[in-house]
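Throughout, a chain's letter reflects where its sequence line sits, starting with A, and its residues are numbered from 1. None of the values given here were measured: they were computed from a predicted structure. Only this structure's heavy atoms are used, side chains among them; waters, hydrogens and symmetry mates stay out.
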Amino acid sequence: MVHVSATPVLALRGVSKRFGAVQALTDVDLEVHAGEVVALVGDNGAGKSTLVKTIAGVHPIDDGVIEWEGKPVTITKPHDAQGLGVATVYQDLALCNNLDVVGNLYLGRELLHRGVIDEVTMEKKARELLSTLSIRIPSVRIPIASLSGGQRQVVAIARALIGEPKLVILDEPTAALGVEQTAQVLDLVERLRERGLAVILISHNMADVKAVADTVAVLRLGKNNGSFPVKDTTHEEIIAAITGATDNAVTRRAGRRSAEAAK
Amino acid sequence: MSDTSKTVKSDSGPEKAAGTTTTPAEDPTAAGVLVTDPRLLVREEGLKGYVTEFKRKVKGGELGSLPVVVGLIIIWAIFQFKNDRFLSADNLSDITFFMSATGMLAIGLVFVLLLGEIDLSVGSVSGLSSTLFAVWVVEHGLNPWLALVLAVISGVLVGALHGWFFAKIGVPAFVVTLAGFLGWNGLMLWLLGSSGTINIPSDEGPVKLLGQSSFFMDQAIIGAYLLAGLGVLLSLIGNFGEQRRRKAAGVPYRPTGEILVRVGLLALAAFVAAAVLNNAQGVSNALVIFLAALVITDFVLRRTTYGRKVFAVGGGIEAARRAGISVPFVRISVFAISGGFAAIGGMFFAGQTASATLSAGGGNTLMLAIAAAVIGGTSLFGGRGSVWSALLGMLVIQSITTGLNLLNMNTSIQYMITGGVLLGAVVIDSVSRRSQKAAGRA
Ligand SMILES: Nc1ncnc2c1ncn2[C@@H]1O[C@H](COP(=O)(O)OP(=O)(O)OP(=O)(O)O)[C@@H](O)[C@H]1O
Ligand SMILES: [Mg+2]
C-alpha cells in the first residue's frame with residue numbers, strides 16, 4: 001500500500017487566475033502528497049493546463065495561496081518552481097528546436113566541468129536515461145526539429161526526470177504516444193510514486209487515470225468539481241463530475257446503446 | 001548546433017558496419033546502448049561514407065560554410081584574372097588588415113542574429129566610440145588606454161540601452177536600433193562640431209597598436225608561424241582531449257583519422273596564410289586581436305552556459321523561459337555585447353585612419369557587417385550560426401571591396417555589388433532554411 005504523508009507536498013488554496021476577460025480558474029483547491037498520484041481531469045478548456053502553469057510559474061496566480069510542504073510560497077517565474085523541486089511536462093512541449101536532444105534535456109541546468117559545459121557527461125547520462133525509458137531516438141545529438149511528435153514528448157518527459165524533483169506534473173503526457181510508449185509512461189508514473197514523489201497527471205483517458213491514479217480531482221469551468229479516491233469511484237461518477245450532470249452526452253449515448261442492444 | 005553534424009564511430013567489431021551510435025565495447029561502464037532506429041541513415045565507413053553523407057547534407061540544406069568557400073574561390077579567381085596584383089602577398093595582407101575592423105562589428109552582430117534579431121546601430125556606435133576616444137584623448141588629454149576602456153564601456157552601455165528598450169519595453173529591436181543608428185550618429189556629428197575631423201596622434205596607445213604599420217612581434221618571421229602553430233596545437237589538444245574523454249565515458253567519438261584530416265586542413269590553411277603574410281610585412285596586430293576575439297567568443301557561445309542560453313532564446317523563447325532562463329537578461333546582454341564590439345570596431349577604424357571623422361561608421365559599414373555575418377553562414381532566423389562566420393564573411397566582403405578598389409571601380413558600383421552579394425547570402429539562408437524544414441532539421 002502506498003504511504004501518504006500528512007502534510008501535502010503541494011497545496012493550492014483558493015487559487016484564481018484570469019486572462020483578460022476569461023476567468024480561467026476560480027477558487028481552486030488541490031492537494032498532492034508525497035507518494036501520491038493525483039489525476040487532474042476535466043473537459044477541454046476546464047483550466048487544467050492553466051492550473052499546471054500557475055504551479056510551474058509560467059502564469060503567476062492572481063489570488064489564493066500556494067503552500068509547499070506546509071509553508072506558503074510565491075511562485076512568479078519558472079525558476080521559483082524549479083527551485084522548489086517542481087518538474088513539469090507541458091502539454092505544448094516547449095523545447096528548443098535548434099538544440100539537440102542532450103541540449104534540451106539539460107537546458108537551464110547544464111553540467112559543468114571546470115566551468116565549461118560538460119557535453120560528454122551530459123551525453124552519457126542522457127543516453128542512460130533514455131535507455132531506461134527504452135525510447136527509440138535515432139541519436140541524442142540530432143536537433144529536436146528532426147524528431148516525431150511522440151519522440152519529442154518522450155524527450156520532454158525525460159527532461160522532467162533530470163534533477164531531483166519532488167513533484168512531477170505531466171500535462172497529457174500520453175496524448176501523442178503509441179501503445180507501447182503509453183504503457184511505459186504509465187509504468188514510469190508508478191515508479192515515480194514508488195520513489196516517493198508526488199505526481200500530478202492530466203489525462204483525458206479514463207482507463208489510464210484508473211490504472212495509475214490514487215485520487216481524481218475534477219475541474220469544471222475553472223472550478224473544483226469534486227475529488228474522489230480512485231478505488232471507490234466508478235467511471236460514471238467521474239464522468240458525471242466532469243460534465244456536471246448525471247444526464248450528459250456520455251450517459252445518454254451509453255443509454256441509447258443499451259436500449260438498441262435490448263431491441 | 002555545430003556538434004550535430006559530427007560523425008561518430010564505434011570501434012567494436014560487429015557493430016562497425018551498422019554504424020554510429022553504439023558504445024565502444026572495451027568500456028565496462030559504458031552507458032546502456034541506445035535502441036537504434038533501423039531507419040536511421042548512418043554513414044558508411046571510409047571515403048564513400050563521407051561522400052554520401054556530404055550529398056545528403058547538401059540536399060538537406062545543411063550547407064555549412066561550403067557556399068562561402070566556393071564563393072571566395074570564385075571571387076579571388078575573377079579578381080586575379082582582372083588584375084594579377086590581387087593575389088599578391090601585399091594585397092592579401094591588406095585584406096586581412098582592413099577586414100578586422102568591420103569584422104569586430106560582425107562578431108557582435110552574430111550574437112544578435114543568433115537571437116533572431118538585428119542591430120542596425122553598430123555602424124553609428126562604432127563612429128561614436130572613435131569620436132569619444134578622440135575627444136577624450138586629444139581635447140582632454142586623457143590616457144589613451146583609459147580612453148579606450150571608457151569608449152568600449154560607452155558602447156556596452158549604449159547596446160544595453162537598446163537591449164533594455166527591446167527586452168523590457170517590448171519595442172522591436174529593429175526600430176530601437178534604427179533610432180540608435182540615427183541618434184548616435186547625430187551625437188557623433190555634434191561632438192565633432194564644426195572642425196569635422198580630429199586627428200589622433202598615432203605614435204602611442206591603441207591607435208598605434210591598431211594602425212597599419214603595427215605587426216605581431218615586430219614583424220619577426222617566426223611570429224606568424226608561432227601563431228599558426230599555436231592555433232594548430234590548440235586544435236589538436238582540444239580534439240584529442242575530447243576524444244579521450246568521450247572514449248572514457250563510452251559515448252561516440254570522432255575517429256583519429258578524421259581528427260587528423262581536420263587538423264591537417266587547418267594547419268595547411270594556417271601555415272600558408274602565415275607564409276603569405278610573412279611575404280608581405282607580417283601579421284598585423286589588428287588581425288591578431290580579431291582572431292583572438294573570434295576564439296574567445298566562439299568558446300563563450302559553444303562551451304559556456306551563457307552561450308547555451310543565447311542559442312536557447314534564439315531557438316524558442318517560451319522553452320527558454322520555462323527552463324528558467326531569464327530572457328530579458330539574455331536579450332539585454334546580447335545587445336550590450338553587440339554595442340561593445342561595435343565600439344571596439346570603432347577603435348579599429350580610428351587605428352586605420354588615425355583620426356575621428358564625420359564619415360566614421362557611416363556609409364555602408366553597417367551593411368558590410370551584416371552582410372559578413374550572414375554570408376559567413378549565421379542565419380537571420382535565429383538559433384543557428386557561429387562567430388567564425390564573421391571571419392569567412394569578412395574575407396568575402398573585404399576581398400570584393402579591395403578588389404574593386406584595385407580595379408578603380410567607383411563607389412556606386414561597389415555599393416551595387418555589395419548589395420547584390422548580401423541579397424545572395426540572404427537568399428541562400430532562406431532557401432537552406434526551407435530545405436532544412438523539409439528535411440526536418442529546422
Ligand atoms: N495564455 C492564455 N491567454 C488567454 N486565455 C487563456 C490562456 N491560456 C488558457 N486560456 C483560457 O483558459 C481556459 C482554460 O484553458 P486550459 O488550457 O487551462 O484548458 P485545459 O483544461 O488544459 O484544456 P485541454 O483539455 O483542451 O488541454 C480556456 O478558456 C482558455 O481559452
Ligand atoms: Mg490542457
In terms of heavy-atom proximity below 4.5 Å to chain B, should [X] be classed as side chain, backbone, both, or neither?
X      : result
A:R159 : side chain
A:L95  : backbone
A:Q82  : side chain
A:K125 : neither

Look only at the side chain of A:N98 and the backbone of B:G314, and say whether a donor-acceptor pair between them is shorter than 3.5 Å.
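No; judged by distance alone, with no hydrogens or angles, the pair does not exist.
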
Mind checking whether B:P252 and A:R127 have side chains closer than 4.5 Å, heavy atoms only?
yes

Distance from [X] atom [atom1] to [Y] atom [atom2], nearest 0.5 Å?
X      : Y      : atom1 : atom2 : value
A:H113 : B:R303 : NE2   : CZ    : 11.0 Å
A:C96  : B:I317 : SG    : CD1   : 9.5 Å
A:K77  : B:I325 : NZ    : CD1   : 14.0 Å
B:R246 : A:T121 : CZ    : OG1   : 10.0 Å

Note: vs chain A, highest number of non-hydrogen pairs under 4.5 angstrom among B:S326, B:G382, B:A323, B:G316 is B:A323

Choice from B:K309, B:R321, B:E318 maximising heavy atom contacts with chain A below 4.5 Å
B:R321

Can you name the closest pair of heavy atoms from A:K124 and B:A249 and give their distance?
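Looking at all heavy atoms of both residues, the closest pair is CD-O, 3.3 Å.
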
Taking all non-hydrogen atoms of both residues into account, name the closest pair between B:T304 and A:I117 and its distance.
O-CD1, 3.3 Å

Could you tell me whether B:R322 and A:D92 make a salt bridge, using a distance below 4.0 angstrom between a side-chain N and a carboxylate O?
yes

Residues A:E119, B:R308: salt bridge by 4.0 Å N-O rule
yes

Atom NE2 of A:H79: over 12 foreign heavy atoms under 6.0 Å
no

I'd like to know which of A:L107, A:D80, A:D118 tops the heavy-atom pair count under 4.5 Å against chain B.
A:L107

